[in-house]
There are 2 protein chains.
Amino acid sequence: MDIVKYRNHDKLLVAVDCIIFGFDGTKLKALLIRRDFEPEKGKWSLMGGFVNKKESVDESAARILKELTGLTNVYMEQLYCFGDTKRDSAGRVVSIAYFALINIEDYTSQLVNTHEAQWFPLESIPKLIFDHKQMINKAKEMLRNKVANHPIGFELLPRKFTLPQLLNLYQAIYNASLDKRNFTRKILSLGILKKLGEKEKETSRKGAFYYTFDRVKYKKLAHEGVNFI
Amino acid sequence: MDIVKYRNHDKLLVAVDCIIFGFDGTKLKALLIRRDFEPEKGKWSLMGGFVNKKESVDESAARILKELTGLTNVYMEQLYCFGDTKRDSAGRVVSIAYFALINIEDYTSQLVNTHEAQWFPLESIPKLIFDHKQMINKAKEMLRNKVANHPIGFELLPRKFTLPQLLNLYQAIYNASLDKRNFTRKILSLGILKKLGEKEKETSRKGAFYYTFDRVKYKKLAHEGVNFI
DNA sequence: CCAAAAGTGTTTCTATTACACCCATGT
DNA sequence: ACATGGGTGTAATAGAAACACTTTTGG
């Protein structure tokens with residue numbers, strides 16, 4: 001199919017690796033699997049796979065994410081292309097890393113059953129194969145940058161969430177403590193949150209009001225960007 | 001060489017395309033070439049080439065930049081991986097785009113002679129092959145984001161430059177006019193500029209002082225990032 | 001002496017930070 | 001009644017933005 005001129009050039013294996021972030025209410029976590037094929041079989045690894053000739057790289061990333069989580073319509077973004085010659089010990093593989101933000105609660109059970117998947121807090125990631133640790137570091141950095149200007153943090157929370165949960169999330173992402181009053185004022189001033197009548201009563205006696213977000217305004221801000229923190 | 005397990009997977013052509021930015025004192029420009037092979041031979045295009053099996057993607061980008069410009073040690077950064085199945089009309093090619101910032105003055109002549117290269121102002125980019133226009137747009141966006149927090153704008157200027165030139169550069173990048181006084185105050189407050197005794201006398205009767213930058217402080221800021229504009 | 005671009009401070013406004021007490025409720 | 005986490009406002013500070021006149025010098 002490729003025309004004559006291109007025939008002289010090398011073809012390479014192209015992989016996709018996914019950094020899947022989740023938030024458990026306190027800690028920011030990444031989903032890892034035990035690799036089920038050689039080399040490095042049994043070692044902790046990001047979920048990954050190869051790009052097929054007939055699918056785009058984005059499609060490939062979506063397919064791989066679905067294989068592990070069963071999820072579609074997930075927030076996902078391309079991170080970086082890792083292209084060192086020796087990055088994969090078994091041969092030349094160029095890997096395009098993606099990161100995904102998912103709501104950890106709804107999917108924990110099914111995730112753990114497939115691929116021996118497990119959530120790890122970002123501070124205690126085990127030894128990973130190849131350059132996967134580096135990929136996670138880069139993803140963390142990009143998440144921080146992105147979250148500062150785009151309200152994508154919500155992707156990590158359940159549909160309804162409390163302000164303390166949201167605060168915890170941002171603190172986990174920045175690994176720093178934020179002023180409760182300043183934070184809530186700023187978030188509420190964006191006008192993308194709707195307060196619900198209901199309260200979350202598990203973590204405190206008083207209970208914290210649930211909020212949800214206004215999809216329309218949210219989409220607008222997500223695209224345009226705002227000064228978030 | 002690749003082990004058994006990887007054999008089943010498709011291998012793809014992997015290309016690199018370079019968005020090369022330059023600044024002529026007034027306008028921000030991109031360097032384009034007339035493509036010298038089929039398909040789309042003779043059409044305007046970014047400088048590109050294929051990644052060889054034995055070189056990393058970064059090395060490949062550096063090699064391709066050198067082929068066109070003769071330059072090494074150029075500021076270069078990976079932009080994005082473009083992976084649609086139909087992006088190249090002649091076959092499946094995944095392309096990793098890079099952008100480079102070069103000092104337009106020193107290299108204009110040699111550039112124009114090779115590959116029929118030509119500088120185009122960003123507002124008047126001709127029709128380009130494949131998704132190259134999209135690549136340029138993304139590079140412009142990334143340049144804006146990066147420049148807001150990292151003093152990489154200097155990469156586009158000659159070793160010594162005037163404050164009005166620097167102002168013009170930022171105005172060109174942002175496509176907006178900036179306040180001269182606020183701008184110079186802020187830039188000088190970073191403490192990375194050294195004022196030279198000499199003046200540039202071509203563009204005004206009064207003449208504008210040349211500045212150069214303190215490499216040490218510059219490097220530090222370039223890495224850490226600052227709030228630049 | 002005039003035209004053209006360089007250089008230079010102050011004030012206003014806006015955004016960010018710092019900070020501490022009362023509230024609601026389950027036990 | 002008390003322990004626990006939730007909710008709320010104000011004052012001080014710092015950073016950003018707006019703004020116009022004087023300087024230099026080649027022609």
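Values in this document were obtained by computation on a predicted structure and should not be read as measured data. First the proteins, then the strands, lettered A, B, ... as listed; each starts at 1.
For A:Lys199 and A:Phe209, the positive end sits near the middle of the six-membered ring, less than 6.0 Å away and at most 45° from its axis.
Nearest heavy atom pair, residue A:Phe23 against residue A:Ala172, reads CE1-CB, 3.9 Å. For B:Ser189 against B:Lys186, the heavy-atom pair with the smallest separation is OG-O, 2.7 Å.
Between A:Arg205 and A:Arg185, the one whose closest nucleotide on DNA chain D sits nearer the 5' end is A:Arg205. Judged by closest nucleotide on DNA chain C, B:Asp179 is the one of B:Asp179 and A:Asp179 placed further toward the 5' end.
We find that CZ of B:Arg181 is positioned 20 Å from P of D:dG15, with the value rounded to whole Å. At whole-Å resolution of the value, CD in B:Gln165 and C1' in C:dA6 are 13 Å apart. Between the C1' atom of D:dG7 and the CD atom of A:Glu200 lies a distance of 15 Å, rounded to the nearest Å. Summarising the geometry, the separation between OH on B:Tyr210 and P on C:dA6 is reported as 12 Å, rounded to the nearest angstrom. Between the NZ atom of B:Lys186 and the P atom of D:dG15 there is a distance of 9 Å, rounded to whole Å. B:Asn182 places its CG atom 14 Å from the P atom of C:dT10, with the value rounded to the nearest Å. Rounded to whole Å, the distance from NZ on B:Lys199 to P on D:dT23 is 13 Å. Note: CZ (A:Phe209) to P (C:dA24) measures 10 Å, nearest angstrom.
Counting distance only, with no hydrogens placed and no angle test, the side-chain atoms of A:Lys206 and the base atoms of C:dA24 include no donor-acceptor pair under 3.5 Å. With hydrogens and angles ignored, a donor-acceptor pair under 3.5 angstrom links the side chain of B:Lys180 to the base of C:dG7.
Here B:Thr203 lies in heavy-atom contact (under 4.0 Å) with sugar-phosphate atoms only.
Among residues two or more places apart in sequence or in another chain, the ring pair (Phe, Tyr, Trp, His ring centres under 6.0 Å) test is passed with A:Tyr174 by none.
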